[in-house]
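To start, the structure under review is shown below, and the notes come after it.
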Amino acid sequence: MRAFEPRKGAARELVDLALRLGAEHAEAFVQSRSELAAEVERDLLRGAHAAEDAGAAFRVVKAGRVGFSFTADPRGVKRAVRDALQSARHGRPGGGFPPPPRLRTVPGLWDPRATRASPGMLCDALAHALDRAHAVHRGFRAVGGGASVEVERSALANSSGLALEQRGTVSSISLYGVLGRGEGSASTGHDSSASRRLALPPGVGETAARMALAGQKPRRARSGKRRVVLAPEAAADLVEICARALRVEPLQRGQSPFRREPGERVAGSALGLYDDPFLAGGLGSGAVDDDGVPARKHWLVRDGVRVGALASLGDSWRFGLPPTGSAVRPGGGTRGFRGFPVAAGRNLRLDAPRMARGELLDEAGDAVLVHDLLGAHTSNAATGAFQVTSTVCFAVRRGELVHALRPLVLGGSLHGFLAGIRAASREERLLHGSQSAACLRLGSVLVDGMRVAA
Amino acid sequence: MEAKALLGLAVRLGASYADLRLQTIVDASAEVQDSDTRVQRTREAGAGLRVLVDGAWGFASASGKPRTRLAELAVRSAKAAAGRGETRRALALRGRSFRAIPSPRKPPGNEDLGAWIASLKELEREARRTEEVSSVTLAFRGQETTTRIVASDGTDARLAQVRVLLQSDVVARRGSRRGSYRGRLGATAGAEFLSPGKCREAVRDARDRAVRQLDARAPPAGRMAVVADPELTGVFCHEAIGHASEADLVLAGESQLDGMLGKRLAPEAVSIVDDPRIPRAYGSVVVDDEGVPALRKPLIQKGVLAGFIHSRETAATLGMSANGGARAESYACEPLVRMTNTVMLPGSWGLEEMLEGIRRGVLACGSRGGQVDTAKGPFQFTAQEAFLIEKGELTRPLRDTAISGTMLRTLGSIDAVGREARLGSPGLCGKGQWVPVCDGGPHIRIRQAVVGGA
C-alpha cells in the first residue's frame, strides 16, 4: 500500500486482507487528518503548526475473540493485521460487525472553506482577538490560547458489507489571560469557541478580558450549601462525569455510583440527559458511530429517572446489551485511528426548564457563579463523589454579579448534582469534553444545594 | 528524505534554525478486567520538524517517513506568524552529539503478551482473596521509543527509552458502601522491573486500601491542619511548585513565581528539586527532546526559590543555563518545558511528632490527581485515602477528601518535613500533551489548608 486513502474501496481491500490472513470477521478504519494551528504567548503570536496524520486501524474477530491494532505506515499494514490477529488470542469475546446502515444525513459537519484555511488566516484571527482583549483593558496579558482548523476524512468497512465514507471539519479559537500580578491580586479570564464551520470569532478576546477585569478584588465566599450557577464549561465537566458513569461498562461492573438496572430516580421529574448524534453542526454528530452502528437519539435520564446507558459494540458483545450508536475512537481532534472504539457521549445535552441567561441569574437570587473547575478528573468514578476548585467565580445577588470571589471548593455527589439541577439557559455552546472523547452542547446550569468550602 | 537534507531544505526556505525529531514508538499492553482479557501491540513512526523564521516558530509533523513537504509546511507556518510576535529568539547551548541507548533485559515490545495475561490473572486472584472486592482491573503497559534529534546547529542525539507500568484498580463493596483504590507501579526500565513479588505486593496494597474505604466517613470541611503522605507531598511539589517553575509559564506571566527568584517562599526545611537522573524513576530521561542533557534542577533550596525548568529558548531569554527540561509527548508535538521527577528532600521530623501537634486535622494519603492555576496560585489535589486526626491521634478513616489552597501561602505554612522520603506513584502529566512523570518526598505538615469533602 502506498498511502492511506480514506475511501470505501481502500477500506474494503484492507478488510479482505484481514480475512485472507485468518480473521473470521474484520473491520478496517482508514483516516487522514490535517490540522493547522497558531498559538499565543505573552500577548503576541508565538508561531504556527501544521500536522498531517494518516493511518489505518484493524479490528478482527478470530475464534470468537477480538483483536485490535493500527499502523501509520502504509508498508506496515500486514504486520498490523497480524498484530491484531495475535492480540485476538487473548481478546475479549466478539461477534460479527454491523451490516450496512440506512444512512440519515446530518447537516453542518463539513465546511469546504476549512480545507482552504491557511496559517495566515489563523494568525489574523488571533491578532484580532488580542486587539479586542486589549481594547477592554490594556493591562490584560494574554498568556495562552490559540486557533486551529482541522479537516478529517475517513472510511470504514467491515466483513458484514458495510462500507462508508465520512468527512468533517472543526475550527476553534480560545484566549486565556491574566490581569494584575501576585497571589490574591491576579485575576484570570478565558473564553473559547468551537464550530464545525470555519468560524474564529475574535470576541473571545473581549470576553476573556472582561472576565479578568470583573475578577479583580475578590472576596471570600460564604461556606455551606449554596445555589450555584455553572457556566457552560463548568457544567460540562460535571455532566461529562455523569455520562461516564452512565456507560454500560461501569454500570455492569458495579463501578458506577448509579444502579446497574434502569429505573433509578436520580433527579427531579423535570430533568433529562440525552445524547443527540443528529445535532446539526454538533462536534460529535454523525449518521453512524465509529463502530458503524446507526446513531440514534438516546436518553440516559428522562423525567428524572435513569432510563438508558451508553454502549459501544464491544460493550454489546461483552454484556449482551444492544449498542446505542455511541462509539467514538478517541484521539486526535474529532476522532483518531489509534483509539479503540469506546462508548462516549456524541453530543450530550440537558433537558431542563429553559430560560434566558439573565432570567437564570434572576432565578438564582443569592448564588455563586462558577466559570471554571479544577480537578474534575480527580472525582471518584465508583462513588460519584467529587470536589472541584473554582478560580473564576462571582457572587450573585438578586440576579446581578456583585463581586468576584476568591477560589472556592465545590463538593458533592453525582446524584446530588443531578437532583439539584433546577434550570438551564437557552444560550448553549458546543464543547469538547475535558476528560473523555465526549462532546456536549450546554448552556449555563442552575444547581441547588452544592457544598461550597472557601 | 534524509534528515540532514530536510534540515538543509528548511534553511534554504528561510529558517534561521531547524530541528527534526524522527521517532519510532512500540506500545504493548495487556489488561484483565474482571476476568475479561485484552492485549494490544502497536508500532508507529513519524517525524516532527521545528523551524525558526524571523522570530516565529513553525512546526510540522507527519506520520511515516519525513518528506520534503514537512519543511515547506513548517516554514510556511512560521512565516505566517512572523512579524506578529518576537522578532528575535535566542537558543541557549549550541548543538552537540549525544547517544543514550539503554539495553533492558526484557524490552516490553518483545514481551509475550500471553504470559502477561497469565501473570495478571494470577494477580487478579490475589486481589479477590477478600470477598468484599467486587471489581478488579489490572493492566501491564510497556512502551519503547527510539528518537533521533538532528538540528541545523549541529545537534545529533540518538536516544531510546523504555518504560513499564502496572496499574491496579480495585473496587470493594459492602451493601451500598463502596471503596476504590488505584495503585501504580512503574519504572523507566524493561519488563524485568515488574517482578512477580513486587506486583503481588502492589495489588495487595490496592486491595487493602479499597476495602479500608468501606469504613470511611465523609471528611470535615473547612480550614485545618493537613499532614500529607510522601505520595501527596509529591503531588503538591508537582502541582503547586513544579508547574509554576516551568520557565515558559514564568515568561508568559502565567506563574506566581515570576520575579521571585532568590526570595524566601518556605521555611528553611523545604527543598524541592526536579530530578531526571533518579535511576529508573518513571519520569527519568537522560537527554531531553531538544537533545540537551537533562540535569537535576533545584527549584526551592532551603526555602528560597532557586531556579526554573528550562528549554533552550527560555534559558536564553532569561539569561540562564539550559538544563534539559524540554519534553514532547511524541514526534507529533513540539517540545515544551516539562517536569520529570519532582521531589521534596527529607527533613528531620518523625510522623508521630507531626501528628502530636495537631488538635484537629487530616492525614491525607495517595493521590487521585490534582490541578493548579499557576497564574493565580490555587491548586487542588484529591487524596485516595485519608484519616481524621484528633488530639494527635488518627481516629477514623475518611473518604473522598480533597485538599486545596494557594501555592505560596501553603508553601509558607509547611511547618514540619519528615525524615523519610520515597517516590510516589508514576503518572502522566498533561499540558496539552502527556508525558510520564513521577514525584515524591517525605510526610509534611501544612498548618492550614482547605479540606473540601464531598
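In what follows, every chain begins at residue 1, and chains take the letters A, B, ... in the order their sequences are listed. What you see is a predicted model, and the numbers here were worked out from it, not measured in a lab.
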Among [options], single out the residue with the greatest number of heavy-atom pairs under 4.5 Å to chain A.
| options | result |
| --- | --- |
| B:Gly432, B:Gly377, B:Ser61, B:Ala56 | B:Ser61 |
| B:Gly83, B:Ala30, B:Gly370 | B:Gly370 |
| B:Gly369, B:Ser255, B:Ser134, B:Gly46 | B:Gly369 |
| B:Pro378, B:Gly55, B:Gly64 | B:Pro378 |
| B:Gln33, B:Met407, B:Gln213 | B:Gln33 |
| B:Arg223, B:Lys376, B:Glu254 | B:Lys376 |

For residues [X] and [Y], report the shortest heavy-atom separation together with the two atoms involved.
| X | Y | value |
| --- | --- | --- |
| B:Ala252 | A:Val143 | O-CG1, 2.8 Å |
| B:Ala375 | A:Val178 | CB-CG2, 3.7 Å |
| A:Ala453 | B:Val450 | CB-CG1, 4.2 Å |
| A:Pro119 | B:Arg76 | CD-NH2, 3.6 Å |
| A:Asp53 | B:Ser63 | OD1-OG, 3.1 Å |
| B:Ala81 | A:Gly47 | CB-CA, 3.6 Å |

Of all of A:Ala37, A:Gly120, A:Gly91, A:Ala80, which one pairs up most often with chain B through heavy atoms under 4.5 Å apart?
A:Gly91

Using a 4.5 angstrom heavy-atom cutoff, name the option from A:Gly177, A:Ala38, A:Cys123, A:Gly76 with the most pairs to chain B.
A:Cys123

Judged by atom type as modelled, is there a donor-acceptor pair below 3.5 Å linking the side chain of [X] to the main-chain atoms of [Y]?
| X | Y | answer |
| --- | --- | --- |
| B:Gln371 | A:Thr389 | no |
| A:His90 | B:Glu31 | no |
| A:Gln387 | B:Asp400 | yes |

dist B:Asp27:CG -> A:Phe70:CZ (nearest 0.5 Å) comes out at 6.5 Å

With a 4.5 angstrom heavy-atom cut-off, could you sort out which part of [X] is near chain B: side chain, backbone, both or neither?
| X | value |
| --- | --- |
| A:Ala127 | side chain |
| A:Ser187 | backbone |
| A:Asp73 | neither |
| A:Thr188 | both |
| A:Ala382 | both |
| A:Arg79 | side chain |
| A:Asp124 | both |
| A:Ser379 | backbone |
| A:Ala454 | backbone |

Quick one: what part of [X] sits under 4.5 Å from any heavy atom of chain A, side chain, backbone, both or neither?
| X | result |
| --- | --- |
| B:Leu408 | both |
| B:Arg89 | side chain |
| B:Val75 | neither |
| B:Tyr181 | neither |
| B:Val53 | neither |

Donor-acceptor pair between [X] and [Y] side chains, under 3.5 angstrom:
| X | Y | result |
| --- | --- | --- |
| A:Arg253 | B:Thr137 | yes |
| A:Arg181 | B:Gln256 | no |
| B:Arg368 | A:Thr378 | no |
| A:Gln255 | B:Arg173 | no |

Is it true that [X] and [Y] make a salt bridge, defined as a side-chain N closer than 4.0 Å to a carboxylate O?
| X | Y | result |
| --- | --- | --- |
| B:Arg84 | A:Glu39 | no |
| B:Glu44 | A:Arg338 | yes |
| A:Arg46 | B:Glu313 | yes |

Side chains of [X] and [Y]: does their closest heavy-atom pair fall under 4.5 Å?
| X | Y | answer |
| --- | --- | --- |
| A:His49 | B:Arg50 | no |
| A:Asn380 | B:Arg399 | no |
| B:Leu251 | A:Arg42 | yes |
| A:Ser87 | B:Leu113 | no |

Checking side-chain contact (heavy atoms from CB on, under 4.5 Å) for the pair B:Lys65/A:Arg75: CA distance, chi angles, key distance, verdict?
CA-CA 11 Å; B:Lys65 286 222 160 200; A:Arg75 292 165 312 163; 4.0 Å; yes

Lys NZ or Arg CZ of B:Arg38 over A:Phe340 ring: under 6.0 Å, within 45°
yes

Can you confirm whether more than 12 heavy atoms, excluding those of B:Asp54, are under 6.0 Å from its CG atom?
no

Please lay out, stage by stage, how B:Thr406 and A:Arg406 fare under the test side-chain contact (heavy atoms from CB on, under 4.5 Å).
CA-CA 10 Å; B:Thr406 51; A:Arg406 289 193 194 142; over 6 Å; no

If you apply the rule side-chain contact (heavy atoms from CB on, under 4.5 Å), what do you find for B:Asp373 with A:Leu374, and how did you get there?
CA-CA 8 Å; B:Asp373 178 339; A:Leu374 295 184; 4.2 Å; yes

With respect to A:Asp83, which candidate in B:Arg41, B:Gln40, B:Arg43 satisfies the side-chain hydrogen bond (donor to acceptor under 3.5 Å, both in side chains) definition?
B:Arg43

